[in-house]
Amino acid sequence: MPTVKRLSVVLITRNEAELLPECLESVRWADEIVVLDSASTDLTRQIAERYGAQVFSAPDWPGFGKQRQRAQEHALGDYILMLDADERVTPELRRSIEEVLRHPSPDTVYSCARSNLFLGRYMRHSGWYPDKVVRLYAREAYRYNDSPVHESLDSRQAKVVTLHGHLQHLTCRDLIAFQRKQLQYAEAWAVERHRQHKTCGFLSIIGHTLGAFIKTWLLRAGFLDGKQGWLLAVVNAQYTFNKYTALWALRRAERDVL
C-alpha cells in the first residue's frame, strides 16, 4: 500500500489576527502548518501558535515571491499548500487535496478555483472567476519565483491539474483596506518596472486605464455581477491608473535629477 504524502500548509503573514483563525481552522487537518511572520504588531503570532503552527520571523521584507521562498524553506512535508490568511479551504477542496496525497502524480502541480468575495458578493464574472491559482505542489521540485508582487509558482513544464472544490478568498470586505493594499501593489509594480528600465507615456496611462475598465465591465461580463461588477471595473481602472502613473512619475523624477 503506497505511503500517504505529508502536507505542509505554508503562509506568510503581517497583522492578520482578524482573518487568520478561520483560515487555520480550515486546514487543521494538515500534517503541519508553517507561518513566516513579518513583524506583526497584533496577535497574529499567538493565534498561529494556538492552532499548532510553527511560527518563524522574517528579518526584512524582500517582496512576496522571495518571502514565499523563505517560508517554504521551513516546511518539512512532501507537498506544499501555499495559502494567504484571507483564504479558506472548503471541505470539497480538502477531499481533493487528500486524494492527491494518497495518489500523487510525478511532474504535476495542482490548481484550484478561487471564489472571490467583493463587497458582500462572491463574483462569478469580471475576470474574478474561476480565478485558477496553482497552490499545491511537491516541496522538493518547485518554488515561487522572485517577483516582488503578483508572484507565481515556477512550475516550469509541469502538468497542471485542477482540483475539485473552491478556495474561498475574502478579497475585499473593507473597501478602504482593499484600496490601501492595491496602492501598495501598484507602487511595488512601478518600482520593479522602473528598475527594469521600463517606461510609459502620458497617453499610455489613459489607454491602459480605460482598457482596464472596458476589459472588466464588458469583455469579462462584469455587468452580470451587478453593482459590485461596476464597482470592481472602476477599482481595476483605478489600480491600473496608479500603476502606470507611478511608473511615469518615477521616470520623470529621474529625468529631473539628471
Mind checking whether H169 and Y122 have ring centres under 6.0 Å apart?
no

Check ring pair (Phe, Tyr, Trp, His ring centres under 6.0 Å) between Y244 and all other residues, then give those that pass, not counting sequence neighbours.
W189, H208

Would you call E98-R94 a salt bridge at under 4.0 Å N-O?
yes

Does a donor on one side chain and an acceptor on the other come within less than 3.5 Å for E32 and Q54?
yes

Are side-chain N/O atoms of R45 and S57 paired as donor and acceptor at under 3.5 Å?
yes

Would you please say whether a donor-acceptor pair under 3.5 Å links the side chains of E187 and N242?
no

Does a donor on one side chain and an acceptor on the other come within less than 3.5 Å for R143 and Q72?
no

Could you check whether any side-chain N or O of T209 sits under 3.5 Å from a backbone N or O of I205, counting only pairs where one atom can act as donor and the other as acceptor?
yes

Given R68, which of D154, D84, D146 fulfils the salt bridge (Lys or Arg N to Asp or Glu O under 4.0 Å) condition?
D84

Is there a donor in the side chain of D37 and an acceptor in the side chain of T13, or the other way round, less than 3.5 Å apart?
yes

Please answer whether the main-chain N or O of G77 pairs with a side-chain N or O of S8 as donor and acceptor at a distance below 3.5 Å.
yes

Quick one: are the ring centres of W128 and F118 less than 6.0 Å apart?
yes

Could you check, using the six-membered ring where one of them is a Trp, whether Y185 and F64 have ring centers closer than 6.0 angstrom?
yes

